[in-house]
Colleague: 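Shown below is the structure under consideration.
This is a predicted model, so every value here is computed, not measured.
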There are 2 protein chains.
Amino acid sequence: MRVLRTGVSSVAPHPHSEPAWLDTIMKGDCVAALNKLPSKSVDMVFADPPYNLQLGGDLHRPDQSKVDACDDHWDQFESFEAYDAFTRAWLLSVRRVMKDDASLYVIGSYHNIFRVGAILQDLGFWIMNDIVWLKSNPMPNFRGKRFTNAHETIIWAVKSKDAKPTFNYDALKTFNDDLQMRSDWHLPLCTGSERLKDDNGDKVHPTQKPESLLYRVLTASSNPGDVVLDPFFGTGTTGAVAKKLGRHFVGVEREQTYIDAATARIEAIEFGQGAGLEMQKGKRAEPRIPFGNLLESGMIEPGTELTSANGKHLAIVRADGSLKSGSFTGSIHKVGAMVQGQTSCNGWTYWHIKRGRKTSPIDDLRQEIRSRLRA
Amino acid sequence: MRVLRTGVSSVAPHPHSEPAWLDTIMKGDCVAALNKLPSKSVDMVFADPPYNLQLGGDLHRPDQSKVDACDDHWDQFESFEAYDAFTRAWLLSVRRVMKDDASLYVIGSYHNIFRVGAILQDLGFWIMNDIVWLKSNPMPNFRGKRFTNAHETIIWAVKSKDAKPTFNYDALKTFNDDLQMRSDWHLPLCTGSERLKDDNGDKVHPTQKPESLLYRVLTASSNPGDVVLDPFFGTGTTGAVAKKLGRHFVGVEREQTYIDAATARIEAIEFGQGAGLEMQKGKRAEPRIPFGNLLESGMIEPGTELTSANGKHLAIVRADGSLKSGSFTGSIHKVGAMVQGQTSCNGWTYWHIKRGRKTSPIDDLRQEIRSRLRA
DNA sequence: GGATCACGTGAATCTGAGG
DNA sequence: TCCTCAGATTCACGTGATC
């Protein structure tokens, strides 16, 4: 097995003992190569498996005029069966090396993606989303017999229903001009200077994916320092973007031509690091401040009156940090829920306090404490 | 079996002896009902089968209102095996009644579409395209745990590789401003007055499809006078659009409530009244370019410094498209507002980037991406 | 009467830390 | 592993009331 070592490790050494396969391309068959990795060792997988476009040839028989539906069915079963076996094998290998909360992204077209998706489900993977990559510049349908095939499908799956994968929701929302990122991604094809060409000017790989696609996948489901596996490495788009974004990679590839192109490509990239890689964090990342802290710190006195935003509900703050509203007592959340007759409530944003002439949510006080803590 | 006869036949009599089932809704199980149709008797099929959604508990919006989920009994299956068996059964029944060159459209989501697609292939169907219906107004992801599920997938398949289905290429191209119709269709959900409501104002069917979707399907793959089958008729969108466009329909439906609603709906339509209408187009607004696109496309590197026009304020671009300026972080718009102490700001014109000796607003970069997309 | 705003709602596999 | 409970979380668009 040939192994590529890029300069990555010297730039960003793994904190502990760095495994030999990190930031390398393993040459060989996908299943055989993955067997050399420890189980539960990667944080994310991006897979661009063969689409099996030649499948059509298998279906075409020379004496097709005599083929009846039953024989036709048999032919297809045979060749789909082979693709399914291949798919099950690599998915099982990938599954073994995935950490329990790792994310798997698989891209494909209508030729193969339905089989991949069904097998994923059969193997116990849990689908989080399917995503459509809409190509702004697809190849037209020359014969005018179908719709222009203008998209590919990406399946985001995890190992089980209970997995808690990385999902940088706030980062993606900020990325998308403060709107939730949707399941449709409008991105151009890989063309121009990004497309790797050989000495003859021919494209090195027939289906090189654009870096923008990997950028979005890695931003969504990985963190700096994570290990990203690509079992069909090709010309190394996954590795290139991983290195740019400060992630480690490991690739598997059978063709030496692709390995050579990918190696040169990745070596020319600088490992990303620094403040530029920090991502927007949500409220959950902030330290938890119990409501009692507002009393301890003197920001609120026992006996203070809180109101709902519309002023309809009143509550008194008691010395232990509980509220009393009529016959209801309990935490800010519980009392907020009870006065509204609901099952849950975010007391921080529901209850308001009068400060001077203005009324503001007690969440503002929490923010003041948090900024004090940071200082 | 209850049979609905609409007024269609009197308006557009079938040339030969018109079968009793034409322009009717057959009540009952899909397979049993289809057994009563002659083989090779329909020109097109549109199928909207149960999606096999697997919902956890209740889901509430941030304002505490409860999402009215699709939890109907007909959408519940015990296992993937059960769903697969159901799918194989109805697809085989449909296959028998399809003419050799008939088109089959099946719509689904990631819960079921991969299984449907794989089974289609296993049964010998030939996939022509997969089409994505991009919803302009999907339900958001309220908990921020996934991408907004903003699309559904439609598979267009025929009975065999050799089938020559109807495809009204030129009509579609004309509809699409002289561009080939692509595999991504941007259409809004079925809402407003089009959505059927009962006396309580509740929706009659949880998953009524928009007529615009059927309009496009029927225009693409059928001709006036053709017979269109919908084995999961629901509230009859397929029948309604078929009648408007001068196609005959035949539907199968188990629930009397849906049959009643569909009957009334279709009877109110005049045969062929919509045939001269121009097809509903998706909005072709200028594509929205989120700031993150500038990073994925490599136009801006993480760590780049942006300034306000007067140079007073600086900010660092981070990999996720967020800015960091002092202790402020967020989108270009939010940070622009914060550094100025204002409530809102157009980050595109506020922030500037140095390119060579010149400093220009980042909006210039956005324009470059737009022109690239147009090219 | 036109503009504005509050409100409702859509095929959804929708929490997680701590005890 | 289970239970408890703090507390985080939404976009587009149509309708109808109000100004």
Colleague: Using a cut-off of 4.0 Å on non-hydrogen atoms, how would the nucleic acid contact of A:Cys345 be classed: base, sugar-phosphate, or nothing?
Modeller: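 Here A:Cys345 touches the bases of the nucleic acid.
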
Colleague: Name the nucleic acid region contacted by B:Asn141, choosing base, sugar-phosphate or nothing; use a 4.0 angstrom heavy-atom cut-off, strictly under.
Modeller: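 The answer is base, as B:Asn141 lies within the cut-off (heavy atoms under 4.0 Å) of a base atom.
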
Colleague: So, does A:His333 get its side chain near the phosphate of D:dA6, meaning an N or O under 4.0 Å from OP1 or OP2?
Modeller: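 So the side-chain polar atoms of A:His333 never come under 4.0 Å of the phosphate oxygens OP1 or OP2 of D:dA6.
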
Colleague: Might you list the N or O atoms of the protein lying below 3.5 Å from N or O atoms in nucleotides 15-19 of chain C, with each pair's distance?
Modeller:
unit_1: C:dT15; atom_1: O3'; unit_2: B:Lys145; atom_2: NZ; d: 3.3
unit_1: C:dG16; atom_1: OP1; unit_2: B:Lys145; atom_2: NZ; d: 2.8

Colleague: Could you go through the side-chain hydrogen bond (donor to acceptor under 3.5 Å, both in side chains) check for B:Glu255 and B:His73 one step at a time?
Modeller: CA-CA 11 Å; B:Glu255 306 284 331; B:His73 63 90; 3.2 Å; yes

Colleague: C1' atom, D:dA12 versus C:dT13: distance in rounded Å?
Modeller: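 That atom pair is separated by 23 Å.
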
Colleague: Name the nucleic acid region contacted by B:Lys203, choosing base, sugar-phosphate or nothing; use a 4.0 angstrom heavy-atom cut-off, strictly under.
Modeller: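 B:Lys203: backbone/sugar contact only, no base atoms under 4.0 Å.
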
Colleague: State the pairing partner of C:dG2; accept Watson-Crick or G-U wobble contacts with both distances under 3.5 Å, and report none otherwise.
Modeller: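 Paired with D:dC19.
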
Colleague: Is a side-chain donor or acceptor of A:Asn129 paired with a backbone partner of B:Phe147 at a separation under 3.5 angstrom?
Modeller: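 Looks like yes, one N/O pair under 3.5 Å.
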
Colleague: Would you say A:Tyr169 places a side-chain N or O within less than 4.0 Å of OP1 or OP2 belonging to D:dT10?
Modeller: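 Yes, such a contact exists.
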
Colleague: Pick base, sugar-phosphate or nothing for B:Pro138, based on heavy-atom distances below 4.0 Å to the nucleic acid.
Modeller: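 The answer is base, as B:Pro138 lies within the cut-off (heavy atoms under 4.0 Å) of a base atom.
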
Colleague: Check the chi torsion on D:dT9 and let me know: syn if it falls within 90° of 0, anti if not.
Modeller: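 That one's anti.
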
Colleague: With respect to the side chain of B:Pro62, which nucleotide from C:dA11, D:dG7, D:dT10 is positioned closest?
Modeller: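 Nucleotide nearest to B:Pro62's side chain: D:dT10.
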
Colleague: Within the side chain of A:Arg216, is there an N or O that forms a donor-acceptor pair under 3.5 Å with the backbone of B:Glu296?
Modeller: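 No: the side chain of A:Arg216 does not pair with the backbone of B:Glu296.
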
Colleague: How would you label the contact of A:Ser331 with the nucleic acid (heavy atoms, under 4.0 Å): base, sugar-phosphate, or nothing?
Modeller: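 Counting heavy atoms under 4.0 Å across all strands, the contact made by A:Ser331 is with sugar-phosphate only.
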
Colleague: Going by purine N1 to pyrimidine N3 plus the second Watson-Crick contact, or the G-U wobble pair, all under 3.5 Å, which nucleotide sits opposite C:dC7?
Modeller: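 For C:dC7, the partner nucleotide comes out as D:dG14, under the 3.5 Å rule.
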
Colleague: Do any side-chain nitrogens or oxygens of B:Asn149 fall under 4.0 Å of OP1 or OP2 in C:dT13?
Modeller: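 Yes, within the criterion.
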
Colleague: Using a 4.0 Å heavy-atom cut-off across all strands, classify B:Gly57 as base, sugar-phosphate, or nothing.
Modeller: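 Base contact - B:Gly57 has a heavy atom under 4.0 Å of at least one base atom.
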
Colleague: So, OP1 or OP2 of D:dT10: does either fall under 4.0 Å of a side-chain N or O from A:Lys173?
Modeller: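 Indeed, a polar side-chain atom of A:Lys173 lies that close.
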
Colleague: Test the A:Arg366-A:Trp348 pair against the cation-pi criterion, namely NZ or CZ under 6.0 angstrom from the six-membered ring centroid and within 45° of the ring axis.
Modeller: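 Yes.
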
Colleague: Counting only Watson-Crick pairs (N1-N3 plus N6-O4 or O6-N4) and G-U wobbles (N1-O2, O6-N3), all under 3.5 Å, who is the partner of D:dT9?
Modeller: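 D:dT9 is unpaired by these criteria.
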
Colleague: At under 4.0 Å, does any side-chain N or O of A:Arg366 touch on OP1 or OP2 of D:dA8?
Modeller: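 For D:dA8, OP1 or OP2 has a side-chain N or O of A:Arg366 closer than 4.0 Å.
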
Colleague: What are the two closest non-hydrogen atoms of A:Asp101 and A:Lys164, and how far apart are they?
Modeller: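 Heavy atoms of A:Asp101 and A:Lys164 come nearest at OD1-N, 2.9 Å.
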
Colleague: Hey, is the main chain of B:Gly201 close enough, under 3.5 Å, to the side chain of B:Asp198 for a donor-acceptor pair?
Modeller: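 Answer holds: yes.
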
Colleague: So what does B:Asp75 touch, heavy atoms closer than 4.0 Å: a base, only the sugar-phosphate, or nothing?
Modeller: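 Answer is base: heavy atoms of B:Asp75 come under 4.0 Å of a base.
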
Colleague: Looking at C:dA12, D:dT10, D:dA8, which one has an atom nearest to any side-chain atom of B:Val67?
Modeller: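 Ranking C:dA12, D:dT10, D:dA8 by closest atom to the B:Val67 side chain puts C:dA12 first.
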
Colleague: Using the P atom in both, what is the distance from D:dA17 to C:dG1, to the nearest Å?
Modeller: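 Pairwise P distance, D:dA17 against C:dG1, rounds to 16 Å.
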
Colleague: Base, sugar-phosphate, or nothing for B:Thr207, non-hydrogen atoms under 4.0 angstrom?
Modeller: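 Counting heavy atoms under 4.0 Å across all strands, the contact made by B:Thr207 includes a base.
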
Colleague: Over all strands shown, is B:Pro49 touching base, sugar-phosphate only, or nothing at heavy-atom distances under 4.0 angstrom?
Modeller: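 Here B:Pro49 touches the bases of the nucleic acid.
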
Colleague: Are the aromatic ring centres of B:Tyr258 and B:Phe233 under 6.0 angstrom apart?
Modeller: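 Centroid distance B:Tyr258-B:Phe233: not below 6.0 Å, so no.
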
Colleague: Classify A:Leu179 by what it touches in the nucleic acid, base, sugar-phosphate, or nothing, heavy-atom distance under 4.0 Å.
Modeller: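 The answer is sugar-phosphate, as A:Leu179 gets under 4.0 Å only of primed atoms, P, OP1 or OP2.
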
Colleague: With B:Arg115 as the cation and B:Phe80 as the aromatic partner, state whether NZ or CZ is under 6.0 Å from the six-membered ring centre and within 45° of the axis.
Modeller: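 Pair B:Arg115/B:Phe80 counts as cation-pi.
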
Colleague: Taking pairing as Watson-Crick or G-U wobble with both contacts under 3.5 Å, can you name the mate of C:dC14, or confirm there isn't one?
Modeller: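 WC or wobble partner does not exist here.
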
